Amino acid sequence: MTENNVVPLHKPTEDRSAEDATVTTLTVVSDAPVVPLWVRSGRAVKRLATDDRTTTTARAVARHTLYVVGGTRIVSRRVWDSRTSARYERYMRAAEAAGNLELAADWEERGQRFRDARHRRRMDLLTSPIDAAKGAAAGVGIGVGGLIALGVALAVATEDAHDVLTPLLAVIKLIALLITIVQVVWPYAITIGPLLALLGLWAVGSKQQAAPAWALPATVRNSQGEPITPSIVVKALRDLGVATLRTAIKDMGDAGASMLGPIRIAGCGVEVDVTLPSGVATNEVQTRRRKLAENLTRHEHEVFITIPEAARTVRLWIADSGALDEPIGPSPLVTDETMTANYKTGRAPWGQDLRGDAAELSVYQRHLLITGRSNQGKTAALRALALWLSLDRSVQFWLADLKGVGDWSMFDGIADVLIEGPSDDHCIQATEMVESAVAEMNRRIEERRTDPSALFPPLIVLVDEAQKAFMCPAKDEAKRPYGGSKATSRYFMAVREIHNQGRAVDVLMWQGTQDPTDQNLPKLVREGAHTRASLVLGTESQSKMALGDKAVEDGAAPHMLRQGIDKGTLVVATDGIDMPKGHSFITVRTHFIDDEPATEIAERAKLLRDGITTLRVVDQAEERDALADVAAVIGDAPRMRTNEVLKRLHSLAPKAYGDQWTNDRLKSLLEKHGEEPKKSHGVMVVRRDDVARALANRDTDDSASASQ
């Protein structure tokens, strides 16, 4: 192509005249800019330089070259340690830093013995040439004399005088042959010897991975499950970005090894205590959890940092890579059909801690609060505890499920009260249920005052999705709000009263709620729970609301759990679980019990109980059939105390059976149909058969009236 993109189609020949010569041209028009050759070459070089094959090859060349360099450094260090007392000095400084003066003195004595022996060897070198010459001369003389004696014996045997020198000549020929072999091999040894030495250094460096991380192959650089060793832990701490810590490790004679306690196997990982040098605070390590985990070739969720009792100490728990993503197996409630529960002395099989040990929770006289984001396993964790406790026939349940999707439907026949639904009406019913529990608590307290030895069956008042009750906007006839966090809130005050006095008479409040805030979970209610547990949360401030400031300051971090991946993983602050001494929290991976096995466990619980009839709270504005309701609350029980009947009627429909319903009104209801309450062991009771006859009499009367 010519200048200006003009291409000649015919070029005039030399024998044609200039006048006759014509040139037809074609002009090429292009919108694309003309790219200079040097630019295209640069792009090609860039593609070549950034190609995966090029970078892989370059990294391999650098890696194997640096293996030799690293191997040389390692061998040199070994030789230096073997020829000097540096090793003893290093061990002595480490023992001094650890405070073990006896061990330090022992290493000092060993080092002195090594120096004395080395001095003797060096003094012996002064006389060794003379001794070697004398020994060589004596050896040659003895050797020649021996060969001649051997030759004389040979000559006598062969009767040939020439054989006297035969052994000596044979030795001389052997020496000449060896010299010839050396002359032939020596040129090759000069060439091959250094190569063998380099190969040996490369082997040492390759075995120790003595190359920078960027030069190592991907399978090594990103290795998962790399064993945790003292050197790896110290290096991870050194590279943490804390200048004081890095300087202190550099100045330590043992390169930081004295900071570490024993590395112990702990479940699906290892545990090590790190005593930080002066000037380094524990929170400086805690706030760099992600960087520390990555320095240890782990993910952030695989490293847990806690503060033990020892001052200036952090405890690191480092999981085996990927171990926390593996399931922990089914609950013993599912696998052991003979399991029972004991409210006072038993412990619920809730899951496993990070060490793989069983995490068992005591619920005896402990209010419970479980928080976490939606769909992370809050209801499943709460339900697992309730299912276990249902296997104790003495425990009573009043349940309000304000989600209302059937998660607690298997408790129909176990719970005395079951409310299911998300509406404001259901929140109102839940509030009145908790207020009824307050009334029951007060009744028990009053009875305990008159009879200090009185015992009561445990009553678990459970509200799932309790944030809906706190945030309910409805108000009663006196304009008093059902929800809220003020002293006028009915739900808030009822929960507070149970928290204040309920445990003394075994009336306990269990709540499950979503992301905690001051609006949906007031401070006084949060702090009233003895057992506080949290699934994944969004922020550190929410973690402090859920578990308390101390647990989070000690390392509890539910906000570090992974949304959607760490389902069922709870951070628990309680004294109801065995945990290492000095810890204020523990991380538990809970067993998941699906709906079908949960229903089977509930059926086993029902077989242990005496036919409980669950009161399903319905619309309280409708007209009630009082006699039918009495029959419903008695259920299959042969008799029931009148006070208990009234209490259950109030739980069934607080508006219909309020304070106006007394023993006298109940008596009038039965007398109207030809029956009345009677005494049993000095206590007024209502018999199931009497109520059945009253219903039959009423139906008969109604039929007779209709026929007339």
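Heads up: numbering here begins at 1 and tracks the sequence. Any value given below was found using the heavy atoms of this structure, including those in side chains, with hydrogens, waters and symmetry copies removed. A quick note: this is a predicted structure, and the numbers were derived from the prediction, not measured.
- Taking His530 as the reference, His367 meet the ring-ring contact (aromatic ring centres under 6.0 Å, His included) condition, with sequence neighbours excluded.
- Under the rule for a salt bridge (charged side-chain N to carboxylate O under 4.0 Å, His left out), the partners of Glu271 that lie at least two apart in sequence or sit in another chain are Arg264, Arg355.
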### Task
Give the C-alpha distance, both sets of side-chain angles, the deciding distance and a yes or no for side-chain hydrogen bond (donor to acceptor under 3.5 Å, both in side chains) between Arg373 and Gln376.
CA-CA 6 Å; Arg373 285 184 170 177; Gln376 296 303 301; over 6 Å; no
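- Taking the side-chain hydrogen bond (donor to acceptor under 3.5 Å, both in side chains) definition, one finds that Thr275 meets it with nothing, sequence neighbours left out.
- Phe397 pairs by the ring-ring contact (aromatic ring centres under 6.0 Å, His included) definition with Phe411, not counting sequence neighbours.
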#### Entry: Stepwise side chain to side chain contact (heavy atoms under 4.5 Å, CB included) test for Val274 and Leu276
CA-CA 6 Å; Val274 181; Leu276 300 175; 4.0 Å; yes
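- No side-chain donor from either of Arg589 and Thr569 sits under 3.5 Å from a side-chain acceptor of the other.
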### Task
For side-chain hydrogen bond (donor to acceptor under 3.5 Å, both in side chains), just list the numbers for Ser543 and His559, CA-CA rounded to whole Å, side-chain angles, deciding distance to a tenth of an Å, and then say yes or no.
CA-CA 6 Å; Ser543 297; His559 55 283; 2.8 Å; yes
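- Taking every heavy atom of both residues into account, Pro349 and Met339 meet most closely at CG-SD, 4.0 Å.
- A salt bridge links Glu465 and Lys378; the closest N-O separation between the charged side-chain nitrogens and carboxylate oxygens is under 4.0 Å.
- Contacts classified as salt bridge (Lys or Arg N to Asp or Glu O under 4.0 Å) and involving residues 285-294 (residues at least two apart or in different chains) are given here: Arg290-Glu300.
- Under the rule for a side-chain hydrogen bond (donor to acceptor under 3.5 Å, both in side chains), Arg78 has no partner lying at least two apart in sequence or in another chain.
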### Message
Please evaluate residues Lys235 and Leu296 with respect to the criterion side chain to side chain contact (heavy atoms under 4.5 Å, CB included), reporting the C-alpha separation (whole Å), side-chain torsions for both, the decisive distance (0.1 Å), and the verdict.
### Response
CA-CA 9 Å; Lys235 185 176 182 298; Leu296 293 167; over 6 Å; no
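- Applying the ring pair (Phe, Tyr, Trp, His ring centres under 6.0 Å) test to residues at least two apart or on different chains, none of the pairs has a partner in residues 258-283.
- Scanning for ring-ring contact (aromatic ring centres under 6.0 Å, His included) contacts around Tyr343 gives Tyr364, with sequence neighbours left out.
- Distance alone, capped at 3.5 Å, is enough to place a donor-acceptor pair between the Gln467 side chain and the Gln514 backbone.
- Residues that satisfy the salt bridge (charged side-chain N to carboxylate O under 4.0 Å, His left out) test with Asp106, not counting sequence neighbours, are Arg110.
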### Query
Stepwise, does the side-chain hydrogen bond (donor to acceptor under 3.5 Å, both in side chains) test hold for Thr306 with Arg315?
CA-CA 5 Å; Thr306 56; Arg315 179 167 294 164; 5.2 Å; no
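- With sequence neighbours left out, Ser231 forms a side-chain hydrogen bond (donor to acceptor under 3.5 Å, both in side chains) with Thr229.
- Between His591 and Trp350, the side chains place no donor N or O within less than 3.5 Å of an acceptor N or O (distance only, hydrogens not considered).
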Kindly list each side-chain donor-acceptor pair under 3.5 angstrom involving residues 593-601, sequence neighbours excluded, with atom names and distances?
from, atom 1, to, atom 2, distance (Å)
Asp595, OD1, Arg383, NH1, 3.0
Asp595, OD1, Arg383, NH2, 3.3
Thr599, OG1, Asp595, O, 2.9

### Query
Should Leu292 and Leu237 be marked as a side chain to side chain contact (heavy atoms under 4.5 Å, CB included) after you check the CA-CA gap, both sets of side-chain angles, and the distance that decides it?
CA-CA 7 Å; Leu292 178 62; Leu237 293 168; 4.1 Å; yes
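- A donor-acceptor contact shorter than 3.5 Å is absent between the side chain of Trp510 and the backbone of Leu382.
- Asp464 meets the side-chain hydrogen bond (donor to acceptor under 3.5 Å, both in side chains) test with Thr379, Trp408; sequence neighbours excluded.
- Residue Arg526 is tested with Thr513, Thr371, Asp518 for a side chain to side chain donor-acceptor pair (under 3.5 Å); the sole match is Asp518.
- Salt bridge present: Lys606 and Glu603 bring a charged side-chain N and a carboxylate O closer than 4.0 Å.
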